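Each remark here refers to the structure printed beneath this line.
What you see is a predicted model, and the numbers here were worked out from it, not measured in a lab. Note on naming: letters A, B, ... go to the chains in the order of the sequence lines (proteins, then strands), and numbering restarts at 1 for each one.
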Amino acid sequence: MDNHAIAETLEEIATLLELSGENPFKVRAYANGARALETLTEDLDTLIAQGKLKGHQGIGQGLADAITQLRQEGKLAFLEELRASLPPGLMEILKIPGLGPKKVRALWQLLEITDLVKLTEACESGRVAELKGFGAKTQDNILAGIRNREAYGRRHLWLGVQSIVGGILTGLRALPDVERAEAAGSFRRARETVGDLDFIVASENPKPIMDWFVAQSGVQEVTAHGETKSSVRLADGLQADLRVVPAEQFFFALHHFTGSKDHNVAMRQRALSRGLSMSEWGLTPKDPKAKVPVAASEEDVFRALGLDWIPPELREGQGEIEAAESGKLPHLVRYEDIRGCFHNHTTASDGRATLEQMTAAAEAEGWEYFSIADHSRSSAYANGLDEARLLAQIDEIAKLNASGRFKVRVLSGSEVDILKDGSLDFDDALLAKLDVVVASVHAAMTLDEDAMTARIIRALEHPRVHILGHLTGRLLLEREPYRVNIAKIVDCAAANSKCIELNTNPRRLDMDWSHWRRAAEKGVLCAINPDAHRTEQFVFVRAGTFQARKGWLTADQVLNTKPLAELQRWLRR
DNA sequence: GCCGTTTTCGGCCCGACTGTTTTCAGTCG
C-alpha cells in the first residue's frame with residue numbers, strides 16, 4: 001500500500017472504531033495518524049527501515065506498527081475483525097448530515113438498520129421517530145439527507161467558489177448594521193478544494209444580518225437560523241455558515257473559524273501553556289486578576305501569544321507556530337513578483353486562442369515573458385505537434401518577437417510527452433532548438449509506483465528538460481494521482497537542478513502544496529504555470545500563487561520571478 | 001492511541017445549534 005492508501009485505511013479504522021463506540025480519543029488518534037501520513041515528506045520505507053516512524057507528531061508505537069504492517073503486508077488482522085463485526089452499510093449511513101456514531105448505532109441496535117434502503121423504509125413508516133432521542137423532525141432531516149447525499153458530500157474547487165464568496169461579502173458589507181465582514185475557513189486558507197463557506201461579521205445587531213443571509217437569492221435550504229449563527233445550502237449543495245459577533249470578538253472569531261483544526265489545537269495548547277484559555281470569544285486568563293488580552297487586528301491575536309502574524313495559507317498545523325515564534329516565517333511569494341509563465345497552449349494543439357491572442361493577453365497581464373508549450377505528437381487526442389509543425393511554430397514565434405509588435409517576450413517550448421519507458425517524444429536535436437522544455441505524462445498512467453517513478457526520473461535526468469509538468473496527473477474531485485514516489489522525484493529534481501511545475505489549473509494544483517516546503521528546502525525551483533488553453537485562463541496564475549504561498553515558497557524559490565535575462569541564463573545553462 | 005522540563009497516568013479544544021428534552025445529548029465545525 002502507498003501512503004495515501006494507508007492513510008485511507010487508518011481513516012476507515014477511525015470510523016469503524018467510532019461506530020463500535022470506542023473511546024473518542026482513540027478514534028482521533030487514528031484520524032491524526034492518517035493526516036500525519038498524508039503530509040509525510042520523507043520516504044516511508046526509509047523511515048520504517050531506520051525505525052524513525054514512531055516519534056513523528058501523532059505517531060506512536062501502536063500506529064507505527066500498524067502502518068509498517070500495512071505497508072509491508074497490505075493488511076491488518078484487527079482491521080479484518082473490526083470490519084467483520086459491523087455491517088458495511090453503516091459507513092454510508094454515517095455520512096448523512098445529522099447522523100453521528102451514537103445515532104447510527106442506535107438505529108442499528110434497536111431497529112436493525114444496516115443500510116440506506118432499510119433506513120429509508122424505517123423513516124417512511126415512522127419507526128425512526130418513535131426511538132428515544134429521535135423525533136419527527138430528525139426523521140424528516142434523515143430523509144432529506146438521503147435524497148441530497150450526493151450534492152451534500154461534494155467539495156468544490158477553490159476558484160469555482162471565489163465569485164460566490166465575493167458576492168456574499170459584497171452583500172454583507174452593504175448592510176447598515178455590518179461593521180466588518182470577512183470570509184474564513186478553508187477558502188481563506190486557500191485549500192485546493194472547499195467543503196463549505198464560512199463568513200464572520202462584526203455587528204451589535206445580528207438579527208437583520210441573519211435574516212438577510214438566510215433570505216439571499218440562491219439559498220435553497222436553511223439548515224440553521226440562530227441568534228449568532230445561521231447555515232444555508234446554496235446551489236450544488238454548497239453550505240455557507242454565517243457567524244455574527246460583537247466587534248471586540250471579531251478577530252478572535254476570524255482566527256478561530258479560519259482554522260485549520262490542527263492550527264487551532266496548537267494555538268489553544270500554546271495559550272494554555274501561557275495561562276490563557278482560547279476560544280472564538282477571545283483569550284481568557286486563568287488568573288481572574290490578570291489582564292484580558294484585546295485584539296484590534298488579527299496581528300494582535302498572534303501577538304498575545306508571542307507570535308508573528310501567520311498568513312492564513314500557512315495555518316495547517318505544519319510548523320507555522322514554531323516559525324512564527326522564532327521570527328522565521330517565510331516572506332511568501334506574491335502575484336506582483338511574477339514576471340511570466342512557461343506552460344501555455346495555442347490553437348496549434350488543443351488551445352482555444354491563437355499565438356497572437358495569447359501573446360496579447362500575456363502582455364495585458366504585464367508579464368515580461370511567457371512560453372508556449374503545445375502538446376507533442378504522441379498526444380494525438382490533443383492535436384499534438386509533430387516535428388515539422390513544431391519547427392514551423394518556432395519560426396513563427398521568432399518572427400513575432402522580431403516584429404516588435406509586443407513588448408512581452410515569447411519563448412518557444414513544448415509540453416513534450418514522457419513516453420511509457422521514460423524517453424521523450426522528440427529527439428535531442430529538436431529539443432535543443434526550444435527555449436523551454438516541459439515534460440509531462442499523459443498516457444500509460446496506470447503503471448505501478450516503481451515503474452512510474454523510474455519513468456519520470458529518466459525524463460527528468462534528460463539534459464534538455466527544464467520543467468516537470470503536472471507531477472501526479474491528479475484531477476481534483478475527478479481522478480486520483482498516478483502512483484508515484486514524490487519524495488524520490490523531488491530528490492531527483494534537486495540533484496539535477498530541475499524545476500517542478502505547480503500547475504495552477506484549478507482542477508490540478510499539481511504538485512500539491514504540501515510537498516513544496518521540503519522540495520524548496522532541497523533547492524528545487526517551482527514554476528507557477530497556468531497550463532492555459534485560452535486567454536482567460538491566465539488568471540489561474542493569480543489564484544495558483546496562493547498554492548505556492550501555501551507551500552511556504554518565497555519569491556526566489558519561484559522560477560517565474562526571475563527577470564528575463566537571468567531566466568535565459570538559467571534555461572541555457 | 002498519543003503524550004509528558006511539574007506527569008508513564010490521566011488528561012486529550014471549545015462552543016453553538018437542533019431536537020428532544022424539561023436540563024441535555026448528539027452533532028458539527
Side-chain angles (χ1 to χ4, degrees), chain A residues 10 13-14 16-36 53-67 78 93-107 128-142 144-145 152 184-189 191 194-200 206 210 214 222-232 239-245 249 252-253 255-273 276-284 317:
Chain A
L10 296 181
I13 293 172
L16 291 170
L17 289 175
E18 208 173 13
L19 286 169
S20 314
E22 253 291 2
N23 173 3
F25 297 106
K26 187 167 166 180
V27 172
R28 191 191 294 171
Y30 276 94
N32 286 343
R35 251 201 323 277
L53 194 50
K54 179 186 169 188
H56 262 73
Q57 182 66 37
I59 300 180
Q61 190 62 56
L63 277 167
D65 288 347
I67 292 167
F78 98 93
I93 297 178
L94 190 61
K95 290 181 191 159
I96 304 296
L99 290 183
K102 298 270 172 54
K103 283 201 156 75
V104 173
R105 252 183 99 74
L107 290 167
V128 168
E130 293 165 6
L131 286 182
K132 187 171 186 295
F134 292 73
K137 200 71 193 283
T138 304
Q139 185 170 271
D140 290 348
N141 287 343
I142 292 173
Y152 287 3
S186 51
F187 177 82
R188 184 164 182 241
R189 298 201 314 279
R191 285 297 297 228
V194 175
D196 48 29
L197 307 178
D198 295 278
F199 296 92
I200 311 297
M210 289 293 163
V214 300
V222 178
T223 52
H225 188 179
E227 285 176 31
T228 64
K229 185 199 163 187
S230 290
S231 295
V232 297
Q239 178 172 313
D241 296 343
L242 170 67
R243 289 175 176 82
V244 181
V245 299
Q249 284 160 9
F252 291 107
H255 171 264
H256 177 88
F257 291 108
T258 295
S260 65
K261 209 169 192 173
D262 291 346
H263 171 86
N264 283 359
V265 167
M267 287 286 278
R268 287 202 205 93
Q269 283 167 349
R270 182 176 177 86
L272 281 175
S273 73
L276 295 161
S277 170
M278 186 174 201
S279 78
E280 64 262 50
W281 292 106
L283 284 160
T284 314

[X] [atom1] - [N] [atom2] separation (whole Å):
X	N	atom1	atom2	value
A/Ile142	B/dT18	CD1	C1'	13 Å
A/Ile93	B/dG26	CD1	C1'	17 Å
A/Arg189	B/dG29	CZ	P	13 Å
A/His225	B/dT18	NE2	P	9 Å
A/Glu280	B/dC17	CD	C1'	12 Å
A/Lys132	B/dT21	NZ	P	7 Å
A/Leu17	B/dG1	CG	P	8 Å
A/Phe257	B/dA16	CZ	C1'	8 Å

Provide the distance between the two [atom1] atoms, one in [N] and one in [M], to the nearest whole Å.
N	M	atom1	value
B/dC17	B/dC12	C1'	24 Å
B/dT23	B/dC28	P	25 Å
B/dC14	B/dT8	P	22 Å
B/dC13	B/dG29	C1'	12 Å
B/dG11	B/dA16	C1'	25 Å
B/dT6	B/dT22	P	46 Å
B/dT20	B/dG26	C1'	11 Å
B/dT5	B/dG1	C1'	24 Å

Output the single nucleotide from [options] whose closest atom is nearest the side chain of [X].
X	options	answer
A/Ala224	B/dC2, B/dC12, B/dT18	B/dT18
A/Asn23	B/dC13, B/dG19, B/dG1	B/dG1
A/Trp281	B/dA16, B/dC14, B/dC2	B/dA16
A/Lys261	B/dG29, B/dG1, B/dG15	B/dG29
A/Thr138	B/dG19, B/dG1, B/dG29	B/dG19
A/Leu272	B/dG1, B/dC14, B/dC17	B/dC14

Earlier contact from the 5' end, DNA chain B, for A/Asn141 and A/Gln239: A/Asn141

Contact nearer the 5' end of DNA chain B, comparing A/Gly226 with A/Gly58: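 Result: A/Gly58.
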
Mind checking [X] for me? I need base, sugar-phosphate or nothing, with any heavy atom below 4.0 Å counting as a touch.
X	value
A/Pro97	sugar-phosphate
A/Asp196	sugar-phosphate
A/Thr228	sugar-phosphate
A/Met278	sugar-phosphate
A/His263	nothing
A/Arg243	nothing

Would you find a donor on one side and an acceptor on the other, under 3.5 Å apart, between the side chain of [X] and the backbone of [Y]?
X	Y	result
A/Ser279	A/Trp281	yes
A/Arg105	A/Leu19	yes
A/Gln239	A/Asp196	no
A/Glu18	A/Pro101	no
A/Ser230	A/Met210	no

Run A/His255 and A/Met267 through side chain to side chain contact (heavy atoms under 4.5 Å, CB included) and show every step you take. CA-CA 10 Å; A/His255 171 264; A/Met267 287 286 278; 3.5 Å; yes

Counting distance alone, no hydrogens or angles: does the base of B/dG1 have a donor or acceptor under 3.5 Å from a partner atom on the side chain of A/Asn32? no

Determine: side-chain N/O of [X] to OP1/OP2 of [N], distance under 4.0 Å, yes or no.
X	N	answer
A/Thr223	B/dT18	no
A/Lys229	B/dC17	no
A/Lys103	B/dG26	no
A/Ser279	B/dC13	no

Given that both distances must come in under 3.5 Å, which nucleotide forms a Watson-Crick or G-U wobble pair with B/dT8? none

Begin from the C-alpha positions of A/Ile13 and A/Leu10 and carry the test side chain to side chain contact (heavy atoms under 4.5 Å, CB included) through to its verdict. CA-CA 5 Å; A/Ile13 293 172; A/Leu10 296 181; 4.2 Å; yes

